[in-house]
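Okay, so here's the structure we're looking at.
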Amino acid sequence: IPDCVSSPGEDSLILHLPFDSDGSNDTYANDISGDENDGAVVGAVHNSIGGPYGSGAYEFNGNSDYIDLGSGDEFNFSKFDGFTISAWVNSKDVVQSQQTIFARGGIHTGSSSTAVDFRYSTTAPRPIIKISNGTVNIQASFGSNQWSTNEWHFIVARWDGTNLSLCMNVTNCVSISDSGFGKIHDAPTTRYTSIGAGTRVLGKYFNGSIDDVRVYAQVLSDEEVSELYDSYLSECGNSVVETGEQCDDGNTISGDDCSSSCMNEAGGNTYYVSKDDLNCDNNNPGTSQQPWCSITRARANYNDPIKVE
């Protein structure tokens, strides 16, 4: 996914791996959340034209590929009152019956050792989210055969301290409640975080492609999840202000009043520029009724955000 896609809940965003060709490759997955939680690529292949929108994704072979996010405290889910994990996922044919999308946990025995297990089950094709408090697990999952291989799906897992939910393509959702669950467990000396492989033992390898993985240290609302999904439908840098954008000046470069994520950088007024040079006015411009005839003219006269009409 292009890194110009904006995000609700950005203050709580602790991981955003857009997997685009600007910063990600076969050895390194670039985190643009600002927290520098970059991933070490182990075997997975970066496809610069992969993903649901052709801007980059990682391909996993189902046998040995994964992305290592380390064992630090950044993904200690026991510290959070809730979380949201989202990803675009495209699975291939069956290689292993349980295939990991994102996992946090310890490499030791015991069914409760994995703190957060976000995966895809091939035995009854469906996504699953499972969490552990160190003693018991709870999980939310769809019924059998609610998944199509070789097709991109947008999936979101959320936990608010009581309710664990899972949504596929925004509108198809399931949830489970447990008011006595308590905190998510995080073993202090055996914790690992990965994409494309399980953490309790290296296994449960994913077979297919994964794109745009995000982790928030809070639960996003239904409205915010919908906003996030809608933002993927916009194309930053196409000179058209679309859903989720405040401006679009025809590029994805920050520092020119319209940021790389198509959000306003400067305060003050917003000046308009004509998309097709019709009904424009370079002598008395600036409003949506009388826009500038070119972005170049507008840039020369104003430093405030510009919208293309």
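In the displayed structure, Asp73 atom CG is contacted under 6.0 Å by more than 12 heavy atoms of other residues, nucleotides or ligands. The number of heavy atoms from other shown groups lying within 6.0 Å of CD (Glu36) does not exceed 12.
For the residue pair Arg104 / Thr193, a side-chain donor-acceptor distance below 3.5 Å is found, with atom types taken as modelled. With no hydrogens or angles considered, no side-chain donor-acceptor pair links Asp160 and Thr162 at under 3.5 Å. Donor-acceptor pairing under 3.5 Å is recorded for the side chains of Thr27 and Asn25. In the model, Ser177 has a side-chain atom that pairs as donor or acceptor with a side-chain atom of Asn163 under 3.5 Å. Using modelled atom types, one finds a donor on one side chain and an acceptor on the other under 3.5 Å when comparing Asp212 with His16.
Hydrophobic clustering places Val156 together with Trp152 (ILVMFWY residues linked when any side-chain heavy atoms are closer than 4.5 Å, directly or through intermediates). Note on Ile210 and Met168: same hydrophobic cluster, where clusters join Ile, Leu, Val, Met, Phe, Trp and Tyr whose side-chain heavy atoms are under 4.5 Å apart, directly or indirectly. Two different hydrophobic clusters hold Val219 and Leu15 under the rule that ILVMFWY side chains link at heavy-atom gaps under 4.5 Å.
Using a 4.5 Å heavy-atom threshold, the side chains of Val170 and Phe154 count as touching. Proximity of Phe75 to Val116: side-chain heavy atoms (C-beta onward) are nowhere separated by under 4.5 Å. At a threshold of 4.5 Å between non-hydrogen side-chain atoms, the residues Tyr58 and Val41 count as touching. Residues Ile32 and Pro18 have side chains in contact (heavy-atom distance under 4.5 Å, counting atoms from C-beta outward). The closest side-chain heavy-atom distance from Val213 to Ile101 is not below 4.5 Å.
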*asked:* Applying side-chain hydrogen bond (donor to acceptor under 3.5 Å, both in side chains) to Thr100 and Arg119, what does each step give before you reach the verdict?
replied: CA-CA 4 Å; Thr100 301; Arg119 68 179 190 267; over 6 Å; no
*Between Asp38 and Tyr28, does a side-chain hydrogen bond (donor to acceptor under 3.5 Å, both in side chains) hold up when you go through it step by step?*
CA-CA 7 Å; Asp38 304 315; Tyr28 171 87; 3.0 Å; yes
_side-chain contact (heavy atoms from CB on, under 4.5 Å) between Asn207 and Phe60, intermediate numbers included_ = CA-CA 5 Å; Asn207 183 36; Phe60 301 80; over 6 Å; no
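If you run ring-ring contact (aromatic ring centres under 6.0 Å, His included) between Trp159 and each of Phe118, Phe181, Tyr216, only Phe181 comes through.
With rounding to the nearest 0.5 angstrom, the OG atom of Ser141 is 8.5 Å from the CD1 atom of Ile176. Interatomic distance, CD of Glu74 versus CG of Asp31, reported as 10.0 Å (0.5 Å rounding).
Ionic pairing of Lys183 and Asp81 is present here: one or more N-O contacts between side-chain nitrogen and carboxylate oxygen are shorter than 4.0 angstrom.
In this structure, Phe80 has its ring center under 6.0 Å from that of Phe77. Ring centers of Trp147 and Tyr120: under 6.0 Å apart, within the cut-off.
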